[in-house]
Amino acid sequence: MRTLIQECIAGIPMIVEPAARQEGQNPRDFARAVARGHVVIPANPVRPHRLSAIGEGCRVKVNVNVGTSGERCDLALEREKAEAAIANGADTLMDLSTGGDLEAIRKMILSFDVPVGTVPVYEAVRRAGSAVDLSADLLFTVIREHCRQGVDFLTLHCGVNREALASLKSDPRILPVVSRGGAFHVAWMERSGEENPLFSEFDYLLEILAEHEVVVSLGDGMRPGCLQDADRHAKSVEYLNLGRLANRALDAGVQRMIEGPGHIPFDQIGYNVRMIKELTNEAPLYLLGPLVTDIAPGYDHMVAAIGGVEACRHGADFLCMVSPSEHLALPLVGDIVEGTRAAKLSAHIGDLIRGKEGFRMPRERQMADARRRLDWKEQFSLALFPDAARAIHARDGDLDTCSMCGDLCAVKMMQEMFKDNPVLRSAAPQ
């Protein structure tokens with residue numbers, strides 16, 4: 001059976017047409033972008049759901065992580081968090097559960113009508129008892145199970161190899177490894193003295209992924225965990241590894257995207273994004289943040305949104321939601337809502353920068369016109385988050401202006417001054 005990439009080389013597969021239409025793209029051109037590896041469509045055939053294409057010519061997408069931990073495991077809470085994420089604009093979900101009945105939790109997350117990703121090494125380590133007791137056979141068994149159950153994309157830390165570990169030792173960092181999956185592989189390699197099986201047996205991994213039409217998200221296990229570590233060598237060694245692996249995946253007909261780059265100073269974002277894109281032949285880039293300061297715990301969702309806009313300006317395609325509880329605790333529903341909204345705002349600004357919607361996009365123009373007319377109902381209907389806007393405006397009663405300016409409203413003053421001007425009176429979007 002041919003993979004989606006192989007089908008796109010031969011023609012226009014059925015799944016490509018609706019995905020292309022959603023992005024305002026020509027299906028033939030879209031199929032070519034998939035064939036070149038510039039676009040991925042995470043859609044495991046086992047589980048029908050709405051499509052969410054990621055990459056060149058697509059809207060910037062947002063992923064939201066949910067899932068239990070060893071300290072807190074509440075299936076109902078995770079369902080509520082997933083519902084809140086989708087209600088606030090999440091395009092995909094990732095189940096990062098490490099506590100409780102992992103298969104039951106995953107089955108619940110897979111019931112939602114969006115693409116779903118997982119990190120199989122989490123479950124594999126739980127089954128093994130510890131990272132150092134993990135075996136290659138168990139890891140590949142769990143990967144197969146996730147594919148068979150309908151997971152659409154898998155984060156796999158294939159670039160965390162012995163060369164990357166050597167660079168970590170020769171050029172030490174304040175926080176050696178902050179990726180949980182990356183830490184598992186580093187611990188296993190250090191204890192066993194062997195190579196990461198996801199790297200040494202990458203061709204076998206590709207066979208599994210091709211069989212199930214699952215996208216590999218090549219994980220950033222060596223991403224820096226603080227600004228001071230951004231210049232250390234380990235992440236660059238991993239970039240080179242991911243570039244080689246990305247090309248091998250494309251040659252095998254397996255869809256892939258790349259993760260990165262972690263905690264990065266603002267002025268280094270563009271360089272890192274462009275480097276990853278160049279090394280991976282313009283593969284879709286999936287990133288958390290990047291976080292551009294380390295001293296704002298409780299507001300890391302805002303820090304990530306700032307970094308995300310700059311990353312989108314240079315080519316990032318897929319933002320992973322960061323919640324206010326990042327670095328502090330397992331997110332609650334309110335954290336998911338705030339984090340998702342911050343990421344959606346970042347993605348929207350990214351679309352404007354990339355010209356996907358265009359500077360004169362209709363919705364932006366319509367909002368300007370609604371504000372000129374002081375049409376609050378229209379403003380709320382156009383807002384990204386209408387419930388928040390409506391609640392704030394209603395705090396001081398049903399006013400025709402905002403209560404900040406009241407009777408000194410500049411917009412109302414200009415309305416009166418130019419009421420006889422036919423150009424300014426026109427409400428039609430252009």
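In what follows, every heavy atom counts, from backbone to side chain, and hydrogens, waters and symmetry copies are set aside.
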Minimum heavy-atom separation for [X] to [Y], with atom names?
{"X": "L374", "Y": "C409", "answer": "CD2-SG, 4.4 Å"}
{"X": "H157", "Y": "L198", "answer": "N-CD1, 3.9 Å"}
{"X": "V292", "Y": "V303", "answer": "N-CG1, 3.3 Å"}
{"X": "S52", "Y": "P115", "answer": "CB-CG, 3.9 Å"}

Hydrogens and angles aside, do [X] and [Y] bring a side-chain donor and acceptor to less than 3.5 Å of each other?
{"X": "D220", "Y": "Y239", "answer": "no"}
{"X": "T340", "Y": "N88", "answer": "no"}
{"X": "E364", "Y": "H348", "answer": "yes"}
{"X": "N63", "Y": "T92", "answer": "yes"}
{"X": "D317", "Y": "Y286", "answer": "no"}
{"X": "H185", "Y": "N161", "answer": "no"}

Below 4.5 Å, heavy atoms only, C-beta onward: do [X] and [Y] meet side chain to side chain?
{"X": "L156", "Y": "P120", "value": "yes"}
{"X": "V216", "Y": "Q255", "value": "no"}
{"X": "L110", "Y": "V151", "value": "yes"}
{"X": "L291", "Y": "I264", "value": "no"}
{"X": "H212", "Y": "I208", "value": "yes"}
{"X": "V114", "Y": "H49", "value": "no"}
{"X": "S217", "Y": "F318", "value": "no"}
{"X": "K61", "Y": "L319", "value": "no"}

Starting at [atom1] of [X], measure out to [atom2] of [Y] and round the result to the nearest 0.5 Å.
{"X": "M257", "Y": "L287", "atom1": "CE", "atom2": "CG", "answer": "11.0 Å"}
{"X": "Q6", "Y": "T3", "atom1": "CD", "atom2": "OG1", "answer": "3.5 Å"}
{"X": "S381", "Y": "Q366", "atom1": "OG", "atom2": "CD", "answer": "8.0 Å"}
{"X": "S346", "Y": "M321", "atom1": "OG", "atom2": "CE", "answer": "13.0 Å"}
{"X": "T68", "Y": "D74", "atom1": "OG1", "atom2": "CG", "answer": "9.5 Å"}

Can we say [X] and [Y] salt-bridge, meaning some charged N sits less than 4.0 Å from an Asp/Glu carboxylate O?
{"X": "E56", "Y": "R36", "value": "yes"}
{"X": "K344", "Y": "D91", "value": "yes"}
{"X": "E211", "Y": "R144", "value": "yes"}
{"X": "K235", "Y": "D171", "value": "no"}
{"X": "K81", "Y": "E78", "value": "yes"}
{"X": "R372", "Y": "D369", "value": "yes"}
{"X": "E259", "Y": "R223", "value": "no"}
{"X": "E310", "Y": "R313", "value": "yes"}
{"X": "D400", "Y": "K412", "value": "yes"}

Judged by atom type as modelled, is there a donor-acceptor pair below 3.5 Å linking the side chain of [X] to the main-chain atoms of [Y]?
{"X": "E282", "Y": "G37", "answer": "no"}
{"X": "T280", "Y": "I276", "answer": "yes"}
{"X": "N44", "Y": "V214", "answer": "no"}

Does atom [atom1] ([X]) have a neighbourhood of more than 12 heavy atoms from anything else shown, all under 6.0 Å?
{"X": "M302", "atom1": "CE", "answer": "no"}
{"X": "R371", "atom1": "CZ", "answer": "no"}
{"X": "H233", "atom1": "NE2", "answer": "no"}
{"X": "D398", "atom1": "CG", "answer": "no"}

Salt bridge (charged side-chain N to carboxylate O under 4.0 Å, His left out) for D29 and R32? Distances and angles first, verdict last.
CA-CA 5 Å; D29 293 338; R32 289 171 180 160; 3.4 Å; yes
Validate the cation-pi geometry between R180 and Y122: distance from NZ or CZ to the six-membered ring centre under 6.0 Å, angle to the ring axis within 45°.
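Flagged: R180 positioned over aromatic ring of Y122.
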Walk me through it: do R341 and D387 pass the test salt bridge (charged side-chain N to carboxylate O under 4.0 Å, His left out)?
CA-CA 12 Å; R341 290 183 172 191; D387 56 335; 2.8 Å; yes
Evaluate side-chain contact (heavy atoms from CB on, under 4.5 Å) for F266 paired with T293, printing each intermediate quantity in order.
CA-CA 8 Å; F266 188 88; T293 180; over 6 Å; no
Is the distance between the ring centroids of H263 and H327 under 6.0 Å?
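Yes, the ring of H327 comes within the 6.0 Å limit of the ring of H263, centre to centre.
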Under 30°, 30 to 60°, or over 60°: which ring-plane class applies to H301 and Y299, parallel, tilted or perpendicular?
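Rings of H301 and Y299: parallel, under 30°.
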Can you list the steps and then say if H393 with Q379 is a side chain to side chain donor-acceptor pair (under 3.5 Å)?
CA-CA 11 Å; H393 178 67; Q379 288 181 54; over 6 Å; no
